[in-house]
Amino acid sequence: MNPTRLDLIWLLLLAATAISWWAAEWRGGGGVTTLVLGLALLKGTLVILDYMGLRGAGPRWRALVVGWLVVVLLAIGTIFLFGAD
Amino acid sequence: MLCETVNRIQPTCKTALPRLPGDLAVWFFILAELLVFAVFFVAYAVARSRDTALFDTMQAGLDRNAGAINTVLLVTASWCVARAVAAAEGRLRPATTARWLVGAIACGAGFTLVKSAEYADKIAAGVTLSSDTFHMFYLSLTFFHFMHVILGMVVLAVLAIGSARGRYGPGRMNGLESGAAYWHMVDLVWLVLFPLVYVLH
């Protein structure tokens, strides 16, 4: 993996973390929930594909691990947005 | 399979073939761990949906800055590990790979210090597993992850020693890639845990 690409991804991960940090203070309800989970999807996908190295693995392994992330975040989002008492 | 035919004439094609980094067994272990964390995360979300007022009040008592600093530390540790793998693959000096791994261990150690300070505050405030549903989840979920960070640091220490001795390089990446994949899994889980427990309300 090209080191410059790894550095750029690190900066992206830091930027996304900073946004989630600030977003916790915003009063946006469902919008903020969607944004924060979207950022988690972006960060997680970058870690899976570029740091774990699954970008170069077979499509089934990629689908399995990225699929885990998508299912978990969708479940959390659905319960937070529609499951509250 | 066209690629393999071409491969005889054009050896560069080999790098384009799909390849799972590290040991297959480590990936099965990673999948099992991810499943356990997924169950934990969904259980947290369901428990919260049954008592959002309690969860939101108790969450406000968490140190969100500590959680964000720990996210930065784990993300930086993952970056160091990725650079260590790239250094070994790129035939850089063994000391370079080892130095990146030591950087990752330092970030991991920083994470455990920040988390320990958080636990110390909670314990001083009299919080236990049986205080309330939120803290039962907060303590068990984060401590389960904490133990993974500790194990990850042990793995990285073994890899750092091996790297310093020149054990890893092109064609000899299995151990380093396997340990790296485990560490990234620990980071990946935190990237879901942090927004779920510290941010969303």
Side-chain angles (χ1 to χ4, degrees), chain A residues 1-7 9-14 16-18 20-25 29 32-33 35-48 50-62 64-65 68-69 71-73 75-85, chain B residues 15-22 27 30-31 34-35 37-39 41-42 44-46 48-53 59 64-65 67-69 71-72 74-76 78-83 85-87 89-90 92 177 180-185 187-189 191-196 198-201:
Chain A
M1 178 60 75
N2 172 8
T4 314
R5 188 181 166 83
L6 297 176
D7 297 351
I9 287 164
W10 177 55
L11 293 176
L12 266 175
L13 291 172
L14 291 181
T17 302
S20 319
W21 194 349
W22 291 322
E25 308 288 344
V32 173
T33 301
L35 171 74
V36 169
L37 291 175
L39 287 169
L41 177 65
L42 172 75
K43 289 199 279 185
T45 307
L46 287 172
V47 167
I48 292 166
D50 293 298
Y51 283 5
M52 286 181 133
L54 287 190
R55 194 181 290 281
R60 261 167 283 177
W61 275 102
R62 245 190 339 261
L64 204 55
V65 183
W68 170 86
L69 182 66
V71 167
V72 166
L73 292 176
I76 292 171
T78 307
I79 297 166
F80 267 73
L81 292 175
F82 308 111
D85 56 357
Chain B
T15 55
L17 283 172
R19 191 187 72 90
L20 189 67
W27 283 95
I30 286 173
L31 288 182
L34 289 178
L35 268 181
F37 275 106
V39 170
F41 291 153
V42 172
Y44 174 97
V46 170
R48 179 191 172 274
S49 73
R50 291 187 180 150
D51 198 348
T52 43
Q59 186 194 51
R64 196 183 300 131
N65 293 341
I69 289 165
T71 309
V72 169
L74 280 195
V75 159
T76 305
S78 255
W79 169 62
C80 290
V81 169
R83 287 294 301 257
V85 171
E89 265 172 351
L92 297 187
E177 284 179 342
Y182 176 83
W183 181 266
H184 295 312
M185 182 271 290
D187 179 33
L188 175 64
V189 165
L191 291 182
V192 178
L193 200 159
F194 170 65
L196 178 65
Y198 287 83
V199 177
L200 294 178
H201 50 258

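We name chains A, B, ... by the order of the sequence lines, and we start the count at 1 in each one.
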Any Phe41(B) side-chain heavy atom under 4.5 Å of Ile76(A) side chain: yes

Nearest atoms (heavy-atom pairs only) where Ala75(A) meets Val42(B): CB-CG2, 4.0 Å

For Ala57(A) against Pro18(B), the heavy-atom pair lying closest together: C-CB, 3.8 Å

Contact class of Ala38(B) relative to chain A, heavy atoms under 4.5 angstrom: both

Atom of Ala45(B), atom of Ile79(A) and distance for their closest heavy-atom approach: O-CG2, 3.3 Å

Donor-acceptor pair, side chain of Trp61(A) and main chain of Leu20(B), under 3.5 angstrom: no

Atom group of Val65(A) that falls short of 4.5 Å from chain B, counting heavy atoms: side chain

Any Leu196(B) side-chain heavy atom under 4.5 Å of Phe80(A) side chain: yes

Rounded distance (nearest 0.5 Å) linking atom CG of Asp187(B) with atom CD1 of Ile48(A): 10.5 Å

Pairs of heavy atoms under 4.5 Å with chain A: top-ranked of Val189(B), Thr76(B), Leu35(B): Thr76(B)

Pairwise distance CG(Asp50(A)) to CH2(Trp79(B)) - rounded to 0.5 angstrom: 15.0 Å

Heavy-atom pair count under 4.5 Å with chain B, highest-scoring of Val72(A), Leu6(A), Ile9(A), Thr78(A): Leu6(A)

Euclidean distance, Thr17(A) OG1 relative to Leu191(B) CG, rounded to 0.5 Å: 6.5 Å

Nearest non-hydrogen partners of Ile30(B) and Met52(A), listed with the distance: CG2-CE, 4.3 Å

Flag side-chain contact, heavy atom, 4.5 Å: Trp21(A) against Asn65(B): yes

Contact summary for Trp68(A) and Val192(B), nearest pair of heavy atoms: CH2-CG2, 4.3 Å

Most chain A-contacting option - heavy-atom pairs closer than 4.5 Å, from Pro21(B), Gly90(B), Gly22(B): Pro21(B)

Flag side-chain contact, heavy atom, 4.5 Å: Val72(B) against Leu13(A): no

Inter-residue atom distance Tyr51(A).OH - Arg83(B).CZ, 0.5 Å rounding: 9.0 Å

With Trp27(B) via side chain to side chain donor-acceptor pair (under 3.5 Å) - residues at least two apart: none

Set of salt bridge (charged side-chain N to carboxylate O under 4.0 Å, His left out) partners for Arg62(A), sequence neighbours left out: none

Val32(A) and Val199(B), any side-chain heavy atoms less than 4.5 Å apart: no

Spacing of Leu34(B) atom CG and Leu64(A) atom CG [to the nearest 0.5 Å]: 9.0 Å

